[in-house]
Enquirer: 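Structure incoming, see below.
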There are 2 protein chains.
Amino acid sequence: MDITTAPTAFSALSQPTRLNVFRLLVKAGNIGMLSGELGQALGIRQNTMSANLAILLQSGLIRNARNGRTIRYFADFNGIHGLLAFLMEDCCGGNPALCEPLITQLTCNPNTHKEDNDACYSS
Amino acid sequence: MDITTAPTAFSALSQPTRLNVFRLLVKAGNIGMLSGELGQALGIRQNTMSANLAILLQSGLIRNARNGRTIRYFADFNGIHGLLAFLMEDCCGGNPALCEPLITQLTCNPNTHKEDNDACYSS
DNA sequence: TAAATATATCAATAATTCATGATATATGGA
DNA sequence: TCCATATATCATGAATTATTGATATATTTA
């Protein structure tokens, strides 16, 4: 993530439908949601949803996987982590070593093995 | 922060100059930077910088304070925290109580009293 | 009060983005 | 092979956004 790619990612989140989609996918975690489910949940027409999902995909904040006729979308926690780390770089008075693990915890990643990310799942 | 205000904040970060400004202010912490310093640091004309600062101000991600002829700008860590908390709401499999303190730590707030926010400053 | 400095506002044009209707592609089932 | 389902792509017009030159406002100093 750098100054050329980060604005694209923030732009992807700057539109209400796309932000709603993203938040639904964050909540859905590694279960994800189908394109049609997202459209139905948010009351968005098919082609509009498709176009907005394409913009989110290109931003690196979500990913997808086809399964038969359906395509399932997921939040991409690696991409989210990269974006937030870039945004908050050198926060806390220029001590990135301090903030980095906090960002990692914030964006706890259901795509990784559970044992790599216990903070996300332990009580 | 809600679905009507968050897109405005992400839109504010979706433009390279404004994202550079924001990151400089995050690094500057409670020292902040003058409008003119920001323009000089980034090579941006005066009125363009003023317009972009106004957009960031309206987003709630930065704040300012006039001091004589100059106006000093600061990252608004309360606003940042609100935005990221909204973005990542119910992350980690729907356990907001788990993620909330992580977001709080991520956006450690130099505006608050040090003793309220030790994680940001202790080694 | 007049000049200088720092920043904001205005008006206009150029560029970008958005939702939509129509259509195309991909897959599965009869 | 034909049809139905799920999703993507295309072209277009409307709306929004960005930058710029010019000018205005606020503050300090002479």
Side-chain angles (χ1 to χ4, degrees), chain A residues 3-25 28 31-76, chain B residues 3-25 28 31-76:
Chain A
I3 193 58
T4 67
T5 55
T8 303
F10 287 118
S11 178
L13 296 173
S14 74
Q15 200 272 345
T17 295
R18 291 196 298 265
L19 183 54
N20 277 321
V21 165
F22 179 84
R23 283 166 29 92
L24 284 176
L25 294 180
I31 296 172
M33 288 180 75
L34 303 182
S35 175
E37 288 178 334
L38 289 163
Q40 196 163 14
L42 298 173
I44 301 295
R45 290 167 198 264
Q46 186 270 317
N47 58 352
T48 299
M49 179 55 71
S50 177
N52 281 317
L53 286 170
I55 290 169
L56 280 166
L57 270 180
Q58 212 208 343
S59 78
L61 293 171
I62 71 173
R63 58 189 177 78
N64 67 3
R66 178 180 279 275
N67 190 326
R69 280 193 287 218
T70 65
I71 300 182
R72 187 170 292 270
Y73 286 83
F74 306 89
D76 185 327
Chain B
I3 193 59
T4 68
T5 56
T8 302
F10 287 119
S11 178
L13 297 174
S14 74
Q15 200 272 345
T17 294
R18 291 196 298 265
L19 183 54
N20 277 321
V21 165
F22 178 84
R23 283 167 29 94
L24 285 176
L25 294 180
I31 297 172
M33 288 179 76
L34 303 181
S35 174
E37 288 178 333
L38 289 164
Q40 197 163 13
L42 297 173
I44 300 295
R45 290 167 198 265
Q46 186 270 318
N47 59 353
T48 300
M49 179 56 71
S50 177
N52 281 317
L53 286 170
I55 289 169
L56 279 166
L57 270 180
Q58 211 207 344
S59 78
L61 293 172
I62 71 173
R63 58 190 177 78
N64 66 4
R66 176 179 280 274
N67 190 325
R69 280 193 287 219
T70 65
I71 300 182
R72 187 170 293 269
Y73 286 82
F74 306 88
D76 185 328

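A quick note: this is a predicted structure, and the numbers were derived from the prediction, not measured. Lettering of chains follows the sequences in order, A, B, ..., and the numbering in each one begins at 1.
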Enquirer: Is B:R72 touching bases, backbone alone, or none of the nucleic acid, heavy atoms closer than 4.0 Å?
Expert: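 The answer is nothing, as B:R72 stays clear of every strand by at least 4.0 Å.
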Enquirer: Roughly, in whole Å, what's the span from CZ in A:F10 to P in C:dT16?
Expert: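 So the CZ-P distance, A:F10 to C:dT16, works out to 21 Å.
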Enquirer: Let me spell it out: for each of A:S11 and A:N67, pick the nucleotide of DNA chain C with the closest heavy atom. Which residue's pick is nearer the 5' end?
Expert: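 Comparing both residues, the 5'-ward one is A:S11.
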Enquirer: Calculate the interatomic distance between B:I62 atom CD1 and C:dT7 atom C1'; express it in whole Å.
Expert: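 Nearest whole value for this atom pair: 13 Å.
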Enquirer: More than 12 non-hydrogen atoms from neighbouring residues, nucleotides or ligands closer than 6.0 Å to CD1 on A:I3, yes or no?
Expert: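 It does: A:I3 CD1 has more than 12 such atoms within range.
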Enquirer: Looking at every heavy atom in both B:R69 and B:R66, which two are closest together, and how far apart are they?
Expert: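 Taking every non-hydrogen atom into account, O-NH1, 3.8 Å.
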Enquirer: How many angstroms lie between CG in B:N64 and CZ in B:R72, if you round to the nearest 0.5 Å?
Expert: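 Here the interatomic distance stands at 11.5 Å.
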Enquirer: In Å, rounded to the nearest 0.5 Å, how long is the span from CG of B:L25 to CD1 of B:I62?
Expert: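 The CD1 atom of B:I62 is 6.0 Å from CG of B:L25, to the nearest 0.5 Å.
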Enquirer: Looking at B:R63 and B:D76, would you say the former's side chain and the latter's main chain have a donor-acceptor pair under 3.5 Å?
Expert: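 No; judged by distance alone, with no hydrogens or angles, the pair does not exist.
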Enquirer: Can you tell me if B:R45 touches the phosphate of D:dT19, counting only side-chain N or O atoms and a distance under 4.0 Å to OP1 or OP2?
Expert: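 Looking at the OP1 and OP2 atoms of D:dT19, neither is under 4.0 Å from any side-chain N or O of B:R45.
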Enquirer: How many whole angstroms separate atom CG of B:L38 from atom C1' of C:dT7?
Expert: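 These atoms are roughly 12 Å apart.
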Enquirer: Enumerate all atom pairs, one protein N or O and one N or O from nucleotides 8-11 of chain D, separated by less than 3.5 Å.
Expert:
{"from": "D:dA8", "atom 1": "OP1", "to": "A:Y73", "atom 2": "OH", "distance (Å)": "2.6"}
{"from": "D:dA8", "atom 1": "OP2", "to": "A:S50", "atom 2": "OG", "distance (Å)": "3.0"}
{"from": "D:dA8", "atom 1": "O5'", "to": "A:S50", "atom 2": "OG", "distance (Å)": "3.4"}
{"from": "D:dA8", "atom 1": "N7", "to": "A:Q46", "atom 2": "NE2", "distance (Å)": "2.6"}
{"from": "D:dA8", "atom 1": "N6", "to": "A:Q46", "atom 2": "OE1", "distance (Å)": "2.9"}

Enquirer: In whole angstrom, what separates A:I55's CD1 from C:dA19's C1'?
Expert: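 Between C1' of C:dA19 and CD1 of A:I55: 11 Å.
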Enquirer: Specify the separation, in whole Å, of atom CZ of A:R69 and atom C1' of D:dA4.
Expert: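 Taking CZ of A:R69 and C1' of D:dA4, I get 7 Å after rounding.
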Enquirer: If you fit an axis to the five pairs at each end of the helix from C:dT1-D:dA30 to C:dA30-D:dT1, how big is the angle between those two axes, to 10 degrees?
Expert: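 The angle separating the two end axes equals 20°.
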Enquirer: Would you check if the side chain of A:S50 reaches a backbone N or O of A:N47 as a donor-acceptor pair within less than 3.5 Å?
Expert: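 The answer is no, because no donor-acceptor pair under 3.5 Å joins these two groups.
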Enquirer: Between D:dT7 atom C1' and A:E37 atom CD, what is the distance in whole Å?
Expert: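 So the CD-C1' distance, A:E37 to D:dT7, works out to 14 Å.
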Enquirer: Is there side-chain contact between B:L38 and B:M49, with heavy atoms separated by less than 4.5 Å?
Expert: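 Yes - at least one pair of side-chain heavy atoms lies under 4.5 Å apart.
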Enquirer: Starting from C1' on D:dT7, measure out to CG on A:N52 and report it in whole angstrom.
Expert: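 It works out to 14 Å between those atoms.
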Enquirer: In whole Å, I'd like the distance from the CD atom of B:Q15 to the C1' atom of C:dA15.
Expert: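 That distance rounds to 13 Å.
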Enquirer: Roughly how far, to the nearest 0.5 Å, is CG of A:L61 from CZ of A:F74?
Expert: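 Here the interatomic distance stands at 16.0 Å.
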Enquirer: Under the side-chain contact (heavy atoms from CB on, under 4.5 Å) rule, what do A:T17 and A:T48 come out as? Steps first, then yes or no, please.
Expert: CA-CA 9 Å; A:T17 295; A:T48 299; 5.7 Å; no
